[in-house]
K.L.:
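Got a structure here, written out as structure tokens. Questions coming.
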Amino acid sequence: MAEAKTSSTRKKQRRSVPSGQLHIQATFNNTIVTFTDKKGNVLTAASAGACGFRGSKKGTAYASQVAAEKAAEAVKSLHGLSSVDVFVKGVGLGRDAAIRAVGAFDIAVESIKDVTGVPHGGVRPRKARRA
């Protein structure tokens, strides 16, 4: 009784997406670059760690540039993306480098928005020190 084995991973859809979103999360330790469609469904993603950088090198601007290039190349060939709205989150070194790298792949940057979280209220302060 040989049954056909069904794969649990879905095949990547090769649908045409002319415009989408680029989400860049730049922390001090790593940079994650994600291309999505207008609804927010992920098309492709890359990070500095996945591109072979390790340790403190993951947080560099060059590492985020390489990650953005890898993701841009994939989304351009698979989905034909031509314009993006950029959403930047975080305070890392790779914020600007990732946007510049995407511009080199003939992907037009329509808008850039900073969506870094800002605390309002914050955590409870420590108790007062006794003298």
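Throughout, numbering of the chain's residues begins at 1 and tracks the sequence. None of these values were measured; they are calculated from a predicted model.
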K.L.:
Minimum heavy-atom separation for Thr116 to Gly90, with atom names?
P.N.:
OG1-N, 3.1 Å

K.L.:
So do the side chains of Thr27 and Ile32 get within less than 4.5 Å of each other, counting heavy atoms only?
P.N.:
no

K.L.:
State the CD-OG1 distance between Glu73 and Thr44, to the nearest 0.5 angstrom.
P.N.:
10.5 Å

K.L.:
Give every residue pair that meets the salt bridge (charged side-chain N to carboxylate O under 4.0 Å, His left out) criterion with at least one member in residues 36-51, sequence neighbours excluded.
P.N.:
Arg15-Asp37, Lys38-Asp85

K.L.:
Once side chain to side chain contact (heavy atoms under 4.5 Å, CB included) is applied, do any residues pair with Ala108, and if so which ones, sequence neighbours excluded?
P.N.:
Ser83, Glu110

K.L.:
According to a hydrophobic-cluster definition based on side-chain heavy atoms being under 4.5 Å apart (Ile, Leu, Val, Met, Phe, Trp, Tyr only), do Phe105 and Val88 belong together?
P.N.:
yes

K.L.:
Please list, chain by chain and in numerical order, all residues satisfying side chain to side chain contact (heavy atoms under 4.5 Å, CB included) with Ala45, sequence neighbours excluded.
P.N.:
Thr34

K.L.:
Can you list every pair that meets salt bridge (charged side-chain N to carboxylate O under 4.0 Å, His left out) and has a residue in residues 57-72, with sequence neighbours left out?
P.N.:
none

K.L.:
Clusters formed by hydrophobic residues whose side-chain heavy atoms approach within less than 4.5 Å: which one holds Val66, and what are its other members?
P.N.:
Phe53, Tyr62

K.L.:
Please identify each residue that fulfils side chain to side chain contact (heavy atoms under 4.5 Å, CB included) with Thr31, with sequence neighbours left out.
P.N.:
Ile24, Ala26, Val33, Ser64

K.L.:
What residues, two or more places apart in sequence or in another chain, satisfy side chain to side chain contact (heavy atoms under 4.5 Å, CB included) together with Lys89?
P.N.:
Val115

K.L.:
How many angstroms lie between CG in Leu81 and OG in Ser19, if you round to the nearest 0.5 Å?
P.N.:
7.0 Å

K.L.:
Which distance, rounded to the nearest 0.5 Å, do you find between the CG of Leu22 and the CD1 of Ile112?
P.N.:
9.5 Å

K.L.:
Might you point out which heavy atoms bring Ala67 and Cys51 nearest each other, and give the distance in Å?
P.N.:
CA-SG, 3.6 Å

K.L.:
Which pairs with one or both residues in residues 26-36 pass salt bridge (charged side-chain N to carboxylate O under 4.0 Å, His left out), sequence neighbours excluded?
P.N.:
none

K.L.:
Show me the pairs that pass ring pair (Phe, Tyr, Trp, His ring centres under 6.0 Å) and involve residues 14-42, at least two apart or across chains.
P.N.:
His23-Phe87

K.L.:
What heavy-atom pair brings Pro18 and Ser16 nearest, and what distance separates the two atoms?
P.N.:
CD-O, 3.8 Å

K.L.:
Who are the salt bridge (Lys or Arg N to Asp or Glu O under 4.0 Å) partners of Asp114, not counting sequence neighbours?
P.N.:
Arg95

K.L.:
Thr36: what forms a side-chain hydrogen bond (donor to acceptor under 3.5 Å, both in side chains) with it, not counting sequence neighbours?
P.N.:
Gln21

